[in-house]
Amino acid sequence: MQKVTLNEEMQRTLQIKETEMSFSHWIRSFRHTAQHRLQRALHQLLTEGLQEESVQLMDKNSSRKYQCKMMHLTNGQIAFSLKGRGEESTCSESSPLSSDQEKNKPLPLNEPISNHSSRRMTHLSHAESTQLKTRMGHLVDKFPHGLALINHDWELTYANPKMEEVTGFSFLKNYFKKLWDIFPVNEHYNFFQQYLRAMETQETVEFEGFIPNTDTNVQVTVHPTEIGITVFVQDITIYKRHLQALKESEERFALLANNIKDVFWISQPDFKELHYVSPSFQKMFGISRREAFLNPEILMRHVYKADQSALQEAFDQMSVKENEVEYRIKDSENRMKWIRTKGFPVEYNGHSYVLGIHEDVTEYKEMLELKEKSQQLSTITQMSAGIAHEIKNPLTAIKGFLQIGAANPELRDNYQEIILDEVNRIEAIVQDFMMLSKPKSSIQLEQVDPEQLVSYVLRLLEPEANEKQIYLLLECDTIQDNIETEPKRLNQILINLVKNAIDAVDLGGEVRVIIRMSTQELTLSVKDNGPGLTPQELAKIGEPFFTTKEKGTGLGVMVTKKIISDLNGKITYESQKGRGTTVTVTLPK
Ligand code: ADP
Ligand code: MG
């Protein structure tokens, strides 16, 4: 809304009492044709970067003629002066293009103008005028949105360059034409309807439209003013296109998320709030998505007790770096399922999230188990052949000696010892083999004091060590803690390893067993200063029937490895030719 402030002379000349009024009110002081002329001249002044403009006006009441001069002031306002019969009166109007801040300032017009009413307006300095021109030019040309003024008679009185670009019309020749002569109503019906609404209701109207001429989507804001309406047009084609692309990609994502069997999820890093979980979640876990959103921790309740801490640990890790975990759950029908959960942290818009996938790996696990079983089966077949072979040799020898003994009873005593040796060998093989076939399910866990157990085994093997004058040593951490394991199997492990070490070292050598404890695991090392192993031997160790000993079975290490894996432990060999061997076993506590 443009306000006009009048000085005394202006009030007197036009016989108006008010010192302040709207521009449209003030302009009605002149005749109709004069009003048009004034508006057009004002428009030229605004759009053509002129500094001043003048126009002939005629008073409505007294039919007096005036020369009206209008010019830009540095503060963005416009000063009008009327000259008729040698007098001069002034008023000013805030520029329609001036900023809001300036618009809202009280207009101090009668100060600068009335104080200098005797002065000609052209006395504004050159610097000031260039500044104004650039400013106006800048405002109009660089204004990033389309801007148009339409008066109450539906005539287009102004449009900026951007408006020409957006609409694809040249407006210069169309000023003061009716809007419908420029834009056919049937093609722009929506626009007309909204403009009409703004004019009639005197309310700002906002809407989205499409300009067929330039294939442009626009956001239109229509402000009613004293002289009609001001139309702002913002090109939102690119925004619309992005929105469409976003919608499409969202739809694609939904399609994917709704159809993959795997569950996709997004969570808060502390897993206390779930942002998204795909529909297959319900089927996999037997928990509704609603339940999961309301209480993300509900998942944990379906997880096997033994696997809960592993899952929790993996979740904690995921907020820092990528992590993966496999665990068992009970689904809605109480069936056991293996789930693999992968997740990693992401940063988005300054917020941290964890993104992940749940996969049902039950079938995969079953297949793996089957494969392992079939592998075991084939090792057993292989081994049976090996065992048959291993047993056949001593058996042939026994049979041979027995036959000789039967034929020559006087020689029988000579072969007694050889036969016993061969029988012992068969017994050792059968013992080892029986250990191998013991199922994991037969494990019976007990609280075991490792130091006690190791010293028991060492005492057991002492006679053998003494024979070779070998030192058996025990080194132990100060921390004394029990572990949960099966003592029989742990005994077997130690016997096998210490025996091998005794076999390996020379007369007067040394075998050292070291016990180390951490909060999580027990580490047992069997260290000898024997001849060590070549890399080839190291690669072969643990293979069935690999032995370098005359009376060896080549089953000891293999059996040891099997028992350790049944107890969920690990074994490593460290050895160099001539430097001794260290075997390290780690078992969970
Ligand atoms: P066996 O003791 O009946 O030979 P094992 O499976 O126990 O069978 O051992 C296989 C082979 O591994 C041994 O014959 C030996 O060559 C090698 N070996 C095992 N432990 C050691 C060790 N501490 N030092 C050197 N060699 C070893
Ligand atoms: Mg052995």
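First listed ligand is number 1; within each ligand, the first listed atom is number 1. When reading the values below, keep in mind they use all heavy atoms of this one structure, side chains included, and skip hydrogens, waters and symmetry mates.
- Ligand 1 has an N or O atom lying under 3.5 Å from an N or O atom of Asn500, backbone or side chain.
- We find that Glu486 and Lys488 are not joined by a salt bridge, their nearest charged nitrogen and carboxylate oxygen being 4.0 Å or further apart.
- Inclusion of Thr553 in the first shell of the Mg ion (ligand 2) is not supported: no N, O or S atom falls under 2.8 Å.
- Salt bridge Glu165/Lys162: present, at least one basic N to carboxylate O contact under 4.0 Å.
- Checked against Arg516 for a salt bridge (charged side-chain N to carboxylate O under 4.0 Å, His left out), the options Glu521, Glu475, Glu451 give a single hit: Glu475.
- Of the inter-residue distances, the one linking Glu537 atom CD with Thr581 atom OG1 reads 9.0 Å to the nearest 0.5 angstrom.
- Of the heavy atoms in Thr553, both backbone and side-chain atoms come closer than 4.0 Å to ligand 1.
- Against a heavy-atom cut-off of under 4.0 Å, Thr547 is close to the following atoms of ligand 1: 1 (P), 4 (O), 14 (O).
- Heavy-atom proximity to atom 1 (P) of ligand 1, evaluated over Ala504, Ala428, Gly554, Gly530, is greatest for Gly554.
- The shortest N/O to N/O separation between Lys549 and ligand 1 falls below 3.5 Å.
- With hydrogens and angles disregarded, no donor-acceptor distance shorter than 3.5 Å links the side chain of Asn482 to the backbone of Pro450.
- Taking the ring axis of Phe344 as reference, the NZ or CZ atom of Lys321 does not stay both within 45° of it and closer than 6.0 Å to the ring centre.
- Taking each of Thr548, Val559, Ile429 in turn, the one with a heavy atom nearest to atom 14 (O) of ligand 1 proves to be Thr548.
- Using modelled atom types and a 3.5 Å distance limit, the side chains of Ser267 and Tyr353 yield no donor-acceptor pair.
- The closest protein non-hydrogen atom to atom 10 (C) of ligand 1 is Phe546 O, 3.2 Å.
- Checked for salt-bridge contact, Arg512 and Glu510 meet the test: a charged N lies under 4.0 Å from a carboxylate O.
- Inclusion of Val557 in the set of residues having an N or O under 3.5 Å from an N or O of ligand 1 is warranted.
- Scanning the protein heavy atoms around atom 27 (C) of ligand 1, the nearest turns out to be Leu533 CD2, 4.0 Å.
- Protein heavy atom closest to atom 23 (N) of ligand 1, with residue, atom name and distance, is Asp528 OD2, 2.8 Å.
- Against a heavy-atom cut-off of under 4.0 Å, Ile541 is close to the following atoms of ligand 1: 12 (O), 17 (C), 18 (N), 19 (C).
- Of the heavy atoms in Val583, none comes closer than 4.0 Å to ligand 1.
- Using a 4.0 Å cut-off between heavy atoms, Thr560 makes no contact with ligand 1 at all.
- The shortest N or O to N or O distance between Gly556 and ligand 1 is below 3.5 Å.
- Aromatic ring pairs are classed by plane angle as parallel below 30°, tilted from 30° to 60° and perpendicular above 60°; the pair Phe281 and His358 is tilted.
- Note that CD of Glu326 and CD of Glu359 are 9.0 Å apart. Values are rounded to the nearest 0.5 Å.
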